[in-house]
There are 2 protein chains.
Amino acid sequence: MKTSTATAPYNQVKMHLKQGLAEGRWEPGALMPSEAELVAQFGVSRMTVNRALRELQAEGLIERVQGVGTFAAQLHKISSTLSIRDMREHVESLGRKYQLDLKLRREEAVAAKMAPRLGLKAGAAAFHSVVVHFEDDVPLQLEDRWVNPAAAPRYLEADFSNTTPTQYLLDVAPMWEASYTIEAATPSRQDARYLKIQPTEPCLIITRWTVSRGTPVTLVRLVHPGSRYLLEGHFQP
Amino acid sequence: MKTSTATAPYNQVKMHLKQGLAEGRWEPGALMPSEAELVAQFGVSRMTVNRALRELQAEGLIERVQGVGTFAAQLHKISSTLSIRDMREHVESLGRKYQLDLKLRREEAVAAKMAPRLGLKAGAAAFHSVVVHFEDDVPLQLEDRWVNPAAAPRYLEADFSNTTPTQYLLDVAPMWEASYTIEAATPSRQDARYLKIQPTEPCLIITRWTVSRGTPVTLVRLVHPGSRYLLEGHFQP
DNA sequence: CAGTGGTCTAGACCACTGA
DNA sequence: CAGTGGTCTAGACCACTGA
């Protein structure tokens, strides 16, 4: 029938239920209206209410059991989106001056503990780079990165005057799978020198491992001075 | 026609496209088959391929433009689920012994800087609790929490021998909206004493603010010794 | 058995885009 | 204008649940 004019019927049903949940009209675990009831109430076809319900289910707001019914979900999960944010974009989006200092970039033999995560044998050649990202002349992040040469053979030649290692690698090897850890620790003495902080300053350290099309691409350690960096997230159904 | 037996047709279309994306059959930004082409290729109705495509879009794997076509997405975002994990559940799921030490729980006047986030006026009465969570007799998390009395009037009487503040609050005031920050910092002297760590040890500090049905519920600071705690995440489309 | 959700179809009207 | 995606419908068959 109609299309994006105003709110589509499926979306009206969806918003109606969402608001009811927000208001607590259905306690967590409570039985909600069936598809047939919503069809009667809104005067739309079953496929339309089905879409509304399927989307609410995908968002984790309701649970559905075939043969039984639809229930308000227990909201225990915060689903928040952690972007692989490029430091250049991030800093420039704040209206600050961005600078990148390439401290090291060369081929090195990869250490035994890192090799498997890069899909390489211990001692095999890999690319190693160390970059410091600045916001208004203040070091904001130290990026210590290993790259699988098979995934980005020309990494050593990449020009970082207008791009960043993150951006370059996303371009040549689209990210498909990733894991990360976030921890608090003190920086190494070398890290501290690069970041111009005391070696006792707590740092937020993100370690990220990226795979593209089944090939490990890069293993990166991102060190942020605790006093200058914060991760934020927000969740709203 | 069929139902959950084997793979539903919409899911076959979806998996086919997903695998093509994983293999790099379509570079990011490249034009993908239209709905009409997929209808012909799979011999299913348009609604069926439409569902497959809509779900891939919701997962961020493709982008669709009305009047133009369907395109392989640039994969820049890691969407990972950060749970409000209950420490008791977390520790016990690892097969470890869980203990809770209630250090403080009382009514207090809320500080001016915290009051607005709890929906209260500066100096109004709020509930304040401090709890230490143990894993095998090792302090794993310090939980310093303020609670809006309007959202959980009986918080001071809750029995924490079989539940936790998190669990109790999720039960009485289903979480609807939340924000959090994650940072690295040194603990306060008091925090360090409770956690039995040196005041110089870097800690991972999560500050979380929760709203239920428009009412602020709780503001909590979770302090984790950096040497004992790590946040992990994984992403795969 | 009645009621529930899971899924599919064949057709429809529409808005939007770019040639 | 042809091609694209956005959405809806009325009907269908099915599996599952619990009385």
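Below, chains carry the letters A, B, ... as their sequence lines are ordered, and counting in each starts from 1. As a basis for the values below, the full set of heavy atoms in this structure was taken, side chains included, without hydrogen atoms, waters or symmetry mates. These numbers were taken from a predicted model, which means no experiment stands behind them.
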If you pin A/Val65 and A/Gly43 to their nearest nucleotides in DNA chain D, which one's is more 5'?
A/Gly43
Between D/dG6, D/dC13, C/dT9, which nucleotide has the shortest distance from any of its atoms to the side chain of A/Arg46?
D/dC13
Minimum-distance nucleotide (side-chain atoms of A/Thr48 versus D/dT9, D/dT7, C/dC8)
D/dT9
Over how many whole Å does the gap from A/Tyr10 atom OH to D/dT9 atom C1' extend?
17 Å
In whole angstrom, give the distance that lies between atom NZ of B/Lys14 and atom C1' of C/dG6.
14 Å
Determine, for [X] against [Y], whether the closest basic-nitrogen to carboxylate-oxygen distance falls under 4.0 angstrom.
X        : Y        : result
A/Glu35  : A/Arg64  : yes
B/Arg88  : B/Glu135 : no
B/Arg221 : B/Glu183 : no
A/Glu55  : A/Lys18  : no
B/Arg213 : A/Glu27  : yes

Would you say A/Thr70 places a side-chain N or O within less than 4.0 Å of OP1 or OP2 belonging to C/dT4?
no
Donor-acceptor pair, distance only, cut-off 3.5 Å: does the side chain of A/Ser212 make one with the backbone of A/Thr215?
no
Which residues in residues 49-63 of chain B have a heavy atom closer than 4.0 Å to any atom of DNA chain C?
B/Arg51
Are A/Tyr180 and B/His234 close enough that their ring centers fall under 6.0 Å?
no
Test side chain to side chain donor-acceptor pair (under 3.5 Å) applied to B/Tyr98 and B/Glu89, B/His90, B/His133, B/Glu92, the passing residue:
B/His133
Under-3.5 Å N/O pairs linking protein and nucleotides 1-3 of chain C:
from  : atom 1 : to      : atom 2 : distance (Å)
C/dG3 : N2     : A/Gly67 : O      : 3.0

